[in-house]
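Note on naming: letters A, B, ... go to the chains in the order of the sequence lines (proteins, then strands), and numbering restarts at 1 for each one. All values below were derived from every heavy atom in this structure, side-chain atoms included, with hydrogens, water molecules and symmetry-related copies excluded.
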There are 2 protein chains.
Amino acid sequence: METFGDIIKNERENKGLLLRQVASALEIDQAIVSKFERGERKPTKEQVEKFAEFYDLDKNKLITSWLSDQIANTILYEENIGEVLKVAEEKAIYLKTIHDGR
Amino acid sequence: METFGDIIKNERENKGLLLRQVASALEIDQAIVSKFERGERKPTKEQVEKFAEFYDLDKNKLITSWLSDQIANTILYEENIGEVLKVAEEKAIYLKTIHDGR
DNA sequence: TTTGTTTTGACAAAAATAGTCAAATTAATT
DNA sequence: AATTAATTTGACTATTTTTGTCAAAACAAA
């Protein structure tokens, strides 16, 4: 179960980089990068994309990880997690067909 | 595909109530109730619970509808909707086991 | 102990969300 | 068609949430 934070932390360590270096390359405060790695704060989508580029990761996979973190957090303390997600998927697909004008 | 707004609008109309009446009973501005019904604004969880009580609806079902609306909206324009939700479910379940101290 | 790195927390800035209200629009009634 | 009633819209303010900044504390390594 690898969260967004886990991923970017592993990448950084594998590449032997310091927080300071990543922070300066991405123009994000080092304290915030640290918080991202530990899941204490949620990056914006733009920041996720920056990380993907910087670490040369598949952008979609990283966004999936980040989005799923967010969703997991919003439903964490709810009943019927499975049901909520099933309905959410139906709605999303339905709304998408409408949006695409079908 | 019934959204939260659809549900509370149908309930109100079935019971032959005016926005004004619902608004006053729930102590929510009538303009906002109108916006809830049309999905223009998202209620808080407390407001969802008020609606459930007022219309005598199953609270969990209404919360499911409201939560799934939210989730559907956050993933609407993403790729891999199914994948995101699958991962989100795994994470949620995993986090829950941790939270419950297992 | 000194130096380097990461984490923490207080604070300010910015953005997103929520509530209020009156006017505009739409629908129903006479 | 005119009047009355109901709903919707939009501008505005208030509140809450999120984000960024910075320095000091904690931790780790040399």
request  = Walk along DNA chain D from 5' to 3' and tell me the first and last nucleotide with an atom closer than 4.0 Å to a non-hydrogen atom of chain A.
outcome  = D:dT19 to D:dC22
key: Nucleotide C:dT25, atom P - distance to CD of B:E40 in whole Å   = 16 Å
inquiry  = Looking at every non-hydrogen atom in both residues, tell me the closest pair between A:E53 and A:K59 and how far apart they are.
reply    = OE2-NZ, 3.0 Å
request  = Looking only at non-hydrogen atoms, find the nearest pair between A:S65 and A:S68 and report the distance.
outcome  = O-OG, 3.0 Å
ask   = What is the distance, rounded to the nearest whole Å, between atom CD of A:Q30 and atom P of C:dT5?
value = 9 Å
query = Where along nucleotides 17-23 of chain C does protein come under 4.0 Å, by heavy atom, of base (B) or sugar-phosphate alone (S), with - for untouched nucleotides?
reply = -BBBB--
message = Test your reading of the model: is there a side-chain donor-acceptor pair from B:T64 to the backbone of B:N60, 3.5 Å cut-off?
response = yes
ask   = Is a side-chain N or O of B:Q47 found less than 3.5 angstrom from the main chain of B:T44, in a donor-acceptor match?
value = yes
task = Please work out which residues in residues 2-13 of chain A have a non-hydrogen atom less than 4.0 Å from an atom of DNA chain C and list them by number.
result = A:K9, A:R12
task = Nearest whole angstrom, please: distance from the P of C:dG4 to the CG of A:L17.
result = 18 Å
Backbone of A:E78 reached by a side-chain donor or acceptor of B:K96 within 3.5 Å = yes
task = Test B:Y55 against every option in B:V22, B:I7, B:L26 by the side-chain contact (heavy atoms from CB on, under 4.5 Å) rule and name the one that passes.
result = B:V22
inquiry  = Within the 4.5 Å heavy-atom criterion, are A:E83 and A:V87 side-chain neighbours or not?
reply    = yes
message = Could you check whether any side-chain N or O of B:D69 sits under 3.5 Å from a backbone N or O of B:W66, counting only pairs where one atom can act as donor and the other as acceptor?
response = no
query = Do you know which two heavy atoms are closest between A:L76 and A:I81, and how far apart they sit?
reply = O-CD1, 4.2 Å
inquiry  = Between B:K61 and B:E2, is the salt bridge (Lys or Arg N to Asp or Glu O under 4.0 Å) condition met? List the steps.
reply    = CA-CA 12 Å; B:K61 280 187 188 169; B:E2 210 180 20; over 6 Å; no
